Visitor: 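This is the structure I want to talk about, given as structure tokens.
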Amino acid sequence: MLQISKKQSFIELGRFLNQFSIDNNHKNEEVLYNDLYFDPFIELIHLSQSHNGWFTPEQVYFAVHSWAVALREDNLDKWLSSYNFLEVKQKAVGLILAGNIPLVGFHDFLSVLISGHKVIVKTSSNDQHLIQFLSNYLIKIEPKLSDFIKFTDGKLEDFDAVIATGSNNTARYFEYYFKNKPNIIRKNRNSVAVLNGKESREDLVNLGEDIFRYFGLGCRNVSKLFVPKDYSFETFFKAIYEYKDVIFYEKYSNNYDYNKAVFLMSNFKLLDNEFLTLKEDSSNASPISSIFYEFYQDIADLQKRLESESDQIQCIVSNNLIPNSVSFGKTQKPELWDYADNVDTLTFLSTL
């Protein structure tokens with residue numbers, strides 16, 4: 001099956017996804033197979049929270065819109081222009097997907113198919129339905145794709161290579177189990193922001209998006225702030241007040257109450273605005289509803305430290321204080337060429 005046919009199928013999928021938003025689901029009569037898939041997809045979006053309590057309609061709609069943008073033809077062409085798949089020998093690639101945020105494994109799914117391989121997908125129990133729905137839509141557009149896509153509930157078998165995502169603990173198991181196969185094994189990572197006190201209110205509001213999108217469950221969510229000595233958090237707290245309604249979501253609220261209580265019982269000093277706690281801590285990984293912070297004195301020294309911890313960090317957010325950092329508000333809007341863990345998935349797949 002030609003790559004151009006697969007690419008066109010994903011472009012059509014992007015056009016389908018572009019019809020859906022939290023404010024208005026607008027049916028485009030020119031989109032293929034809307035009679036079969038439009039209403040069921042809206043129903044699935046609103047059922048997603050019953051499958052995973054963190055998958056509120058707002059969060060799922062955000063993920064859907066992000067993929068609608070990513071799957072535009074110009075984005076796909078720009079992404080694929082750096083690769084040559086003519087010499088690819090077709091293999092079966094197993095995917096073990098995470099389920100922390102909606103459609104988190106779709107980039108791997110897309111990458112395997114677009115590079116010419118077959119995909120065997122083991123979904124997370126926390127995100128089983130969305131990716132299978134999109135797979136069914138793709139197969140409806142191009143029936144030949146049915147020969148390239150398989151989902152499995154059981155043990156991953158009959159694969160030539162694997163891409164597996166999990167925690168640091170499961171990664172050790174993956175590394176052992178898949179040691180004799182070409183693999184990409186992803187572990188826990190966190191994202192951090194570097195501030196210097198000169199950020200505008202808009203910057204800090206956008207930083208709130210990096211913190212609260214998907215309730216902070218993604219590896220691209222900011223969980224740690226690096227701030228200069230004597231930094232005042234007053235402006236930060238005023239800016240992120242726009243996200244105050246997050247506390248009305250029960251699962252988030254429960255985490256806020258629990259983590260705050262644990263911190264207080266341990267006599268930790270906290271900054272608190274009644275929906276987010278800030279705790280001074282050297283770790284980059286903070287619990288849901290809390291952000292850790294750390295003071296720095298010299299930006300050059302901080303840069304060296306972040307470089308030494310690069311295997312633990314997914315994104316660094318700043319106003320160009322750190323080279324190759326991500327702009328405020330952009331962590332959950334990655335481009336197709338922004339690879340997880342900075343591992344080029346298409347290069348891996350094209351050399352199997």
Side-chain angles (χ1 to χ4, degrees), residues 10-72 75 98-107 110 124 126-137 202 204-222 239-256 275-276 288-289 327-336:
F10 280 102
I11 292 170
E12 293 295 337
L13 174 60
R15 295 180 68 220
F16 173 77
L17 296 178
N18 198 44
Q19 301 173 108
F20 305 96
S21 73
I22 188 68
D23 299 317
N24 180 32
N25 294 310
H26 179 70
K27 196 171 188 178
N28 180 351
E29 298 302 329
E30 296 182 358
V31 171
L32 299 176
Y33 304 115
N34 261 341
D35 55 329
L36 297 175
Y37 290 93
F38 185 86
D39 290 335
F41 193 55
I42 294 173
E43 182 179 0
L44 176 58
I45 289 173
H46 288 272
L47 277 174
S48 291
Q49 194 169 349
S50 67
H51 303 143
N52 182 333
W54 293 105
F55 285 16
T56 64
E58 178 188 358
Q59 306 298 351
V60 178
Y61 273 117
F62 182 89
V64 167
H65 176 71
S66 296
W67 277 109
V69 172
L71 294 175
R72 293 195 314 241
N75 279 331
N100 50 323
I101 65 176
L103 292 170
V104 68
F106 191 76
H107 190 279
L110 163 64
S124 165
N126 289 325
D127 188 15
Q128 299 181 51
H129 305 281
L130 289 167
I131 193 169
Q132 292 197 47
F133 186 99
L134 300 191
S135 173
N136 291 337
Y137 183 82
E202 182 181 6
L204 296 176
V205 170
N206 289 335
L207 176 58
E209 171 72 13
D210 298 324
I211 293 170
F212 294 107
R213 175 59 59 191
Y214 302 126
F215 302 106
L217 289 165
C219 63
R220 299 182 68 91
N221 286 105
V222 168
I240 66 164
Y241 190 69
E242 292 196 13
Y243 300 89
K244 63 183 183 303
D245 289 350
V246 70
I247 198 63
F248 298 123
Y249 182 61
E250 184 178 6
K251 289 179 75 68
Y252 182 92
S253 178
N254 289 343
N255 276 270
Y256 170 82
F275 63 90
L276 180 73
I288 295 171
S289 77
S327 300
F328 292 109
K330 299 294 186 181
T331 62
Q332 293 297 348
K333 299 175 182 178
E335 304 286 0
L336 290 169

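When reading the values below, keep in mind they use all heavy atoms of this one structure, side chains included, and skip hydrogens, waters and symmetry mates. None of these values were measured; they are calculated from a predicted model.
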Visitor: Could you list all the salt bridge (charged side-chain N to carboxylate O under 4.0 Å, His left out) pairs where at least one residue sits in residues 34-48, not counting sequence neighbours?
Guide: none
Visitor: Any side-chain heavy atom of I288 within less than 4.5 Å of one from Y252?
Guide: yes
Visitor: List in chain and number order the residues that pass ring-ring contact (aromatic ring centres under 6.0 Å, His included) with F38, two or more places apart in sequence or in another chain; answer none if no residue qualifies.
Guide: F20
Visitor: More than 12 heavy atoms of other residues, nucleotides or ligands under 6.0 Å from NE2 of H107: is that the case?
Guide: yes
Visitor: Return the CG to CD1 distance between L276 and I247, rounded to the nearest 0.5 Å.
Guide: 9.5 Å
Visitor: Heavy atoms only: give me the nearest F41-L134 pair and the separation to one decimal.
Guide: CE1-CD2, 3.9 Å
Visitor: For the CD1 atom of I101 and the CG atom of N52, what is their distance to the nearest 0.5 Å?
Guide: 11.0 Å
Visitor: Apply ring-ring contact (aromatic ring centres under 6.0 Å, His included) to H46 and list each qualifying residue two or more places apart in sequence or on a separate chain.
Guide: Y61
Visitor: Mind listing the closest non-hydrogen atom pair of R15 and Q19 along with its distance?
Guide: O-CG, 3.8 Å
Visitor: What's the separation between atom OG in S327 and atom CG in N206, rounded to the nearest 0.5 Å?
Guide: 9.0 Å
Visitor: Backbone N or O of T331 within a donor-acceptor pair of the D210 side chain at under 3.5 Å?
Guide: yes
Visitor: Tell me, do Y241 and F275 make a side-chain contact under 4.5 Å, heavy atoms counted?
Guide: yes
Visitor: For the residue pair F55 and N126, what are the closest heavy atoms and their distance?
Guide: CE2-O, 3.5 Å
Visitor: With side chains defined as the heavy atoms from C-beta onward, is the minimum distance between N28 and N18 less than 4.5 Å?
Guide: no
Visitor: List for me each residue that meets side chain to side chain donor-acceptor pair (under 3.5 Å) alongside Q332, sequence neighbours excluded, and say none if there are none.
Guide: N221
Visitor: Holding to side chain to side chain donor-acceptor pair (under 3.5 Å), I want the full list of residues that pass it with D127, two or more places apart in sequence or in another chain.
Guide: none
Visitor: Among all residues two or more places apart in sequence or in another chain, which pass the side chain to side chain donor-acceptor pair (under 3.5 Å) test with N136?
Guide: none
Visitor: Walk me through it: do I240 and L204 pass the test side-chain contact (heavy atoms from CB on, under 4.5 Å)?
Guide: CA-CA 7 Å; I240 66 164; L204 296 176; 5.5 Å; no
Visitor: Classify the angle between the aromatic ring planes of F10 and F106 as parallel (below 30°), tilted (30 to 60°) or perpendicular (above 60°).
Guide: perpendicular
Visitor: Do V246 and Y256 have side chains that get closer than 4.5 Å, going by heavy atoms?
Guide: no
Visitor: Residues two or more places apart in sequence or in another chain: which of them pass ring-ring contact (aromatic ring centres under 6.0 Å, His included) with Y37?
Guide: F133, Y137
Visitor: Could you list the residues that satisfy side-chain contact (heavy atoms from CB on, under 4.5 Å) with N254, not counting sequence neighbours?
Guide: E250
Visitor: Using the ring-ring contact (aromatic ring centres under 6.0 Å, His included) criterion, which residues pair with Y214? Sequence neighbours excluded.
Guide: F62
Visitor: Is any side-chain heavy atom of L130 less than 4.5 Å from a side-chain heavy atom of L44?
Guide: yes
Visitor: Looking only at atom types and distance, does a side-chain atom of S66 sit under 3.5 Å from a main-chain N or O of K333, one as donor and one as acceptor?
Guide: no
Visitor: Quick one: pull up CZ in R72 and CD1 in I11 and give me the separation to the nearest 0.5 Å.
Guide: 11.5 Å
Visitor: Using salt bridge (Lys or Arg N to Asp or Glu O under 4.0 Å) as the criterion, list what pairs up with E335, not counting sequence neighbours.
Guide: none
Visitor: Which value, rounded to the nearest 0.5 Å, describes the distance between L110 atom CG and W67 atom CH2?
Guide: 5.5 Å
Visitor: With a 4.5 Å heavy-atom cut-off, do V205 and Y243 have their side chains touching?
Guide: yes
Visitor: How would you list, by chain and number, every residue that makes a side-chain contact (heavy atoms from CB on, under 4.5 Å) with S21, sequence neighbours excluded?
Guide: D23, N24
Visitor: Determine the minimum heavy-atom distance between V60 and S48, stating which atoms define it.
Guide: CG2-CB, 4.0 Å
Visitor: Contact between N25 and I45 at the side-chain level, heavy atoms closer than 4.5 Å - yes or no?
Guide: no
Visitor: State which residues pass side chain to side chain donor-acceptor pair (under 3.5 Å) with R213; sequence neighbours excluded, sorted by chain then number.
Guide: Q59, E209
